[in-house]
Amino acid sequence: MTTRREFLEQGAATIAALTVPALARAATPRFAELKARPARVQLAPPTYPKTEIWGYDGAMPGPELRMAQGARIQRSFLNELPQASSVHWHGIRIDNAMDGVPGLTQPAVEPGQGFDYDFVVPDAGTYWYHAHNRSTEQVARGLYGALIVEEPEAPDIDREEVLILDDWLLDPETAQIDPDFTSRHDRSHAGRRGNFIATNGRFDLSLDVKQNERLRLRLINAANARIFVLSIFGMEGWTVALDGMPLSEPKPVSEVLIIGPGQRADLIVDVTAASGETAHLVRVEDQEGVSQVAFPVSGRAGRHIPCPRTHAWTYPAWKKR
């Protein structure tokens with residue numbers, strides 16, 4: 001027979017088990033895992049040693065999360081870093097409890113602990129996820145990845161590319177990340193600017209294309225302080241969405257596109273360069289153009305109907321949102 005004392009002790013244990021926060025249940029993850037851990041990647045040219053980073057699943061960038069509009073994200077975040085961390089789902093409309101902001105919506109996840117994220121993605125668009133504890137340092141060490149929510153009706157394109165733009169502050173001798181994240185200079189200049197610029201963790205990203213191929217380029221600025229000023233060469237294009245939200249009308253990329261830290265932009269581009277030439281996503285610095293991403297052209301694809309200058313071309317799926 002159970003005594004009153006045993007009954008109360010059992011009840012207290014049951015209540016404690018029900019109220020333990022998600023971060024303390026990480027020993028047995030309920031969902032697919034997303035680990036933040038140290039790793040080494042070939043960030044600089046191969047004549048340099050690998051760079052020590054912090055990455056989700058040890059990758060740079062972290063794994064791309066792609067799902068349909070209205071689908072559910074379920075991830076058990078595990079922290080294998082020497083610092084507390086969390087995951088913020090940048091731009092997604094979700095409950096505060098899942099937003100990943102330590103001290104506001106959840107406790108910071110301590111080293112060796114975890115947290116279960118579980119939410120629905122209500123809007124189609126280009127988003128990203130990143131660390132949100134000591135983010136000036138943790139994002140600069142590589143803790144970010146793309147989050148793509150696909151619309152029910154895809155636009156008329158041949159393919160798409162997700163391009164995460166970033167800069168890194170590296171020691172030019174060792175190719176290691178500068179560990180001083182409390183620099184007075186950086187604080188007085190509203191952020192840390194890097195000396196090494198990459199796309200998807202590569203300084204020389206090159207993507208083969210065909211003439212007349214139509215691409216959707218999903219651009220994400222993961223830099224801490226750098227504003228990317230971009231243009232296109234060997235392509236004709238239109239901006240169709242900013243920060244995950246569709247524009248009411250496509251806007252021709254006739255001059256430059258400016259993307260600040262954390263911002264995203266979706267472009268639809270037609271490759272106009274001839275076979276044997278190279279098109280470029282161009283970064284403009286000091287009034288000079290530098291290739292951010294190269295698109296070597298080989299062969300030809302069927303020609304698409306051009307996007308009219310009258311902006312009659314629309315995104316029917318986005319009009320439903």
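Since we're looking at a predicted model, the values are computed, not measured.
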If we ignore angles and hydrogens, is there a donor and acceptor under 3.5 Å between the side chains of Gln292 and Thr199? yes
Counting only N and O atoms by type, is there a donor-acceptor contact under 3.5 Å from the side chain of Arg72 to the main-chain atoms of Val120? no
Verify the cluster assignment for Tyr144 and Leu34: are they in a single hydrophobic cluster under the rule of side-chain heavy atoms below 4.5 Å apart? no
Ile268 and Ile148: same hydrophobic cluster, using ILVMFWY side-chain contacts below 4.5 Å? no
Under 30°, 30 to 60°, or over 60°: which ring-plane class applies to His90 and His88, parallel, tilted or perpendicular? perpendicular
Would you please classify the geometry between the Tyr129 ring and the Trp89 ring as parallel, tilted or perpendicular, with 30° and 60° separating the classes? tilted
Under 3.5 Å donor-acceptor, Arg193 side chain and Gly191 backbone: no
Less than 4.0 angstrom from a charged side-chain N to a carboxylate O is my criterion; do Arg30 and Asp116 meet it? yes
Evaluate side chain to side chain contact (heavy atoms under 4.5 Å, CB included) for Val271 paired with Arg214, printing each intermediate quantity in order. CA-CA 6 Å; Val271 179; Arg214 175 167 287 178; over 6 Å; no
Within the side chain of Asp243, is there an N or O that forms a donor-acceptor pair under 3.5 Å with the backbone of Gln263? no
Linked, directly or transitively: Met60 and Ile197 (ILVMFWY side chains, under 4.5 Å): no
Under 4.5 Å between side-chain heavy atoms, counting indirect links through other Ile/Leu/Val/Met/Phe/Trp/Tyr residues: same cluster for Ile232 and Val293 or not? yes
Would a single hydrophobic cluster contain both Leu147 and Phe77, if residues Ile, Leu, Val, Met, Phe, Trp and Tyr are joined by side-chain heavy-atom contacts under 4.5 Å? yes
Under 3.5 Å: donor-acceptor pair, side chain of Asn221, backbone of Ile259: yes
Answer yes or no: does atom CG of Asp95 have more than 12 heavy-atom neighbours from other residues, nucleotides or ligands under 6.0 Å? no
Output yes when a side-chain donor or acceptor of Ser76 lies under 3.5 Å from a complementary backbone atom of Phe31, and no otherwise. yes
For Asp270, does its backbone N or O pair with a side-chain atom of Asn212 as donor and acceptor, under 3.5 Å? no
Donor-acceptor pair, side chain of Asn200 and main chain of Ile164, under 3.5 angstrom: yes
Between Arg216 and Glu151, is the closest basic N to carboxylate O distance under 4.0 Å? yes
Please walk me through it: do Gln138 and Gln83 pass side chain to side chain donor-acceptor pair (under 3.5 Å)? CA-CA 9 Å; Gln138 294 188 8; Gln83 299 177 2; 2.9 Å; yes
If I take atom CG from residue Leu215 and atom CG from residue Leu207, how far apart are they, to the nearest 0.5 angstrom? 9.0 Å
Test side chain to side chain contact (heavy atoms under 4.5 Å, CB included) applied to Ile220 and Val162, step by step: CA-CA 8 Å; Ile220 301 171; Val162 179; 4.3 Å; yes
Is the shortest side-chain N to carboxylate O distance from Glu64 to Arg218 below 4.0 Å? no
Please list every donor-acceptor pair under 3.5 Å in which a side-chain atom of residues 39-55 meets a protein atom from a residue at least two apart or in another chain.
unit_1: Gln42; atom_1: NE2; unit_2: Ala44; atom_2: O; d: 3.0
unit_1: Gln42; atom_1: NE2; unit_2: Pro45; atom_2: O; d: 3.1
unit_1: Gln42; atom_1: NE2; unit_2: Tyr48; atom_2: O; d: 3.0
unit_1: Thr51; atom_1: OG1; unit_2: Ala175; atom_2: O; d: 2.6

Between Thr182 and Asp180, do the side chains contain an N or O donor and an N or O acceptor separated by less than 3.5 Å? yes
Tell me if a side-chain donor or acceptor on Thr278 pairs with a main-chain N or O of Pro296 at a distance below 3.5 Å. no
Residues Glu285, Arg226: salt bridge by 4.0 Å N-O rule: yes
Does Arg192 make a cation-pi contact with Phe181, if we ask for NZ or CZ under 6.0 Å from the ring centre and within 45° of the axis? yes
Salt bridge (charged side-chain N to carboxylate O under 4.0 Å, His left out) contacts in which one or both residues fall within residues 169-178, not counting sequence neighbours: none
Distance-minimising heavy-atom pair for Glu150 and Ala124: C-CB, 4.0 Å
Do the side-chain N and O atoms of Thr105 and Asp99 include a donor-acceptor pair separated by under 3.5 angstrom? no
Does Gln113 use its side chain to pair, donor to acceptor, with the backbone of Pro111 at less than 3.5 Å? no
What's the shortest heavy-atom distance between Arg37 and Asp57, and which atoms? NH2-O, 3.3 Å
Nearest atoms (heavy-atom pairs only) where Met98 meets Phe115: CE-CE2, 3.9 Å
Residues His280 and Ser291: side-chain donor-acceptor under 3.5 angstrom: yes
One pair to check against side chain to side chain contact (heavy atoms under 4.5 Å, CB included): Leu281 and Leu219. What are the steps and the verdict? CA-CA 11 Å; Leu281 177 66; Leu219 309 180; 4.0 Å; yes
For the pair Asn79 (side chain) and Val109 (backbone), establish whether a donor and an acceptor sit closer than 3.5 Å, ignoring hydrogens and angles. yes
